[in-house]
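A short worksheet on the structure shown next.
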Amino acid sequence: MKRLSASPAGVFEEEGKQGMTDESSRPTDFIREIITEDLKKGKYDHRVHTRFPPEPNGYLHIGHAKSICLNFGIAKDYKGTCNLRFDDTNPEKEEQEYVESIIDAVRWLGFDFGPEPRYASDYFGFMYTAAEYLITAGHAYVDSQTAEEMREHRGTLTSPGKESPFRGRAAAENLDLFRAMRDGRHPDGAMVLRAKIDMASPNINLRDPAIYRIKHAEHHRTGSTWCIYPMYTYAHPIEDARENITHSICTLEFEDQRPFYDWLLERLAEGGLVQRPLPQQIEFARLNLSFTVLSKRKLIQLVTEGHVTGWDDPRMPTVSGMRRRGYTPEAIRNFCERIGVAKRDSTVDLALLEFCIREDLNKRAPRVMAVLRPLRVVITNYPEDQEEELDAVNNPEDPAAGCRTVPFSRLLYIERDDFLENPPKQFFRLAPGREVRLRYAYYITCEKVVKDERTGEVVELHCTYDPKTRGGDSPDGRKVKATLHWVSARHAISSEVRLYTTLFSTPEPGAESGDFRQDINPASLEVLSSAYVEPGLAGAVPGSRYQFERMGYFCVDPDSTRDRLVFNRTVTLKDAWAKIQKAQK
Ligand code: ATP
Ligand code: MG
């Protein structure tokens, strides 16, 4: 598998072909090339109509986001249309909760599918009619073999299958049996309707695939109207044709299904049930992301087994999880554009996704000061009852973001990591006798270290400030090597901060043991319950995003209350010191 990764310069490159067309800034790829060619030939009367067809059996993840960006993105580029269609052909696994979460995710990502989504179940009636047509035309038969017999007769990749003894049933008999199936006169599994194609085909998918099965189950939309349900492979081409889809884009595992897709629509077109030109299926490689699992089955396990707090846990690769974590739709769309589409499987480095998030938040997130692991600092020469407001820039990347003031007083908090009693060479922050700058405030010098008598832990620093350095510069031109963030203890808002790292500790979860859960990272969440943020954040609403200066990007979590803010770390900043520390270890 090829890998997409960060080059040393922080620029991301893919080995495959990827670029921009000359005439516009539209991304180009092999799928857009096919579409451009079809438009030139007038194949679909100059229409482009795509669809995104999720099965409502889980929440959408970043892989689905790739498919959404591709399908909706193409519709947008070519002034076409993209449908959101729920593939709800399996009555047992689907739930309304999932339908709602999917609608929400698609809209949040910034795409428009019109007033209503479509449903495969909208076409159950038509699919049934089409099946009766196939039976009458001699293209389908009812097979009464047991599931096991059918499996045995299917053959293998190297040997042909064996025809069912029921394959020769007359059309009239098949029709009677199929209607009896529909009318509920047979139990689950008693028989199936199969397409009559070729039991010797080298493509197993063409060895008389099942197209209808009996299932006495309630459906989330059609209730108990049906006790037979179409198979996905039969339903999907029909849905596409009914919606006049031009390009039916799906992932590579459906490549071997394409001959059946075409066979079915050809037969139905012959019978006048669907119109030409027929939709065409095009396959692309699914997204795999390092340190992540992208399979609904595995994500469901993470939720039901309690490894995470829910589908929207900020560590989940779901759209709702990424949203709660503070990712922006713009950054996700940008990520999907950068990775492009290819015909070969690959794994994308998680660092690329984080790079895209940082890049976007850097432009838009206001900077604030927050101390995550507080250490008390007393400014001994600052009057007890005095306080003042200092000017601070909201976003150096965005002049329009303006300024704010932050309060300064005698008792402050700084980051515990910003002080070392015995600093090694490369450590330039606060230390005994050393002078540093407090951002937007003053130069301070550490005069005394106060320790807990019992544990020896540093609990407080006594510092002096130089009043002539107000705003952060010294009139005599003396230099300091570090600038620290801080908050005024009296004014700061006590908050909870949740620090996330990857949910898995290995790049390819489960690669070694076979069970992805073995690689769950036990330290993927660290909760800091005594953090302090500057007072301007009072009343910040869930979803608000900030850069905590020097600490990373953070987002207000919906768990916040009026009295207590809760923040999620969206992504770290690059930390030069952490890198040095790591290198030393
Ligand atoms: P999963 O493998 O997670 O169970 P799925 O393929 O069963 O996903 P669907 O709801 O059927 O999920 O997917 C809807 C659409 O999203 C399909 O067209 C599918 O091909 C596409 N898709 C699913 N996973 C990915 C992925 N990792 N990368 C790109 N597209 C994906
Ligand atoms: Mg699927």
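Atoms within a ligand are numbered from 1 in the order they appear, just like the ligands themselves.
The shortest N or O to N or O distance between His61 and ligand 1 is under 3.5 Å. At under 3.5 Å, a nitrogen or oxygen of Leu287, whether backbone or side chain, sits near a nitrogen or oxygen of ligand 1. At least one N/O-N/O distance between Glu55 and ligand 1 falls below 3.5 Å. The shortest N/O to N/O separation between Gly63 and ligand 1 falls below 3.5 Å.
Outside the 6.0 Å centre-distance limit, the rings of Phe72 and Phe113 are not counted as a close aromatic pair. Residues Phe335 and Phe355 place their aromatic rings such that the two centres sit no closer than 6.0 Å.
Nearest to atom 21 (C) of ligand 1 by heavy-atom distance, out of Ser295, Ser67, Pro317, Pro56, is Ser67. In the candidate list His64, Glu283, Lys298, His236, His64 is nearest to atom 13 (O) of ligand 1, counting heavy atoms. With atom 5 (P) of ligand 1 as the reference point, the heavy atom nearest to it among Arg85, Lys296, Arg51 is part of Lys296.
Ligand 1 places these atoms under 4.0 Å from at least one heavy atom of Pro54: 10 (O), 14 (C). Close approach of ligand 1 to Thr251 (heavy-atom distance below 4.0 Å) involves ligand atoms 19 (C), 20 (O), 29 (C), 30 (N), 31 (C). In summary, the atoms of ligand 1 found under 4.0 Å from a heavy atom of Phe52, numbered by their order in the structure, are 14 (C), 15 (C), 16 (O). Residue Leu294 approaches ligand 1 through these ligand atoms, each under 4.0 Å from one of its heavy atoms: 3 (O).
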_Asp557 vs Asn568, side-chain hydrogen bond (donor to acceptor under 3.5 Å, both in side chains): CA-CA, chis, key distance, verdict_ = CA-CA 6 Å; Asp557 190 84; Asn568 297 317; 2.7 Å; yes
*Might you work through the side chain to side chain contact (heavy atoms under 4.5 Å, CB included) test for Lys215 and Asn90, ending with a clear yes or no?*
CA-CA 9 Å; Lys215 202 156 220 178; Asn90 183 352; 4.1 Å; yes
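Salt-bridge check for Glu305 with Arg517: passed, with a basic side-chain N closer than 4.0 Å to an acidic carboxylate O. Using a 4.0 Å cut-off between a side-chain N of Lys or Arg and a carboxylate O of Asp or Glu, Arg324 and Asp559 qualify as a salt bridge. Ion pairing of Asp360 with Arg364 is present here, as a side-chain N (NZ or NE/NH1/NH2) and a carboxylate O approach within less than 4.0 Å. Using a 4.0 Å cut-off between charged nitrogen and carboxylate oxygen, Glu330 and Lys363 do not count as a salt-bridge pair.
Residue Arg297 places no heavy atom under 4.0 Å from ligand 1.
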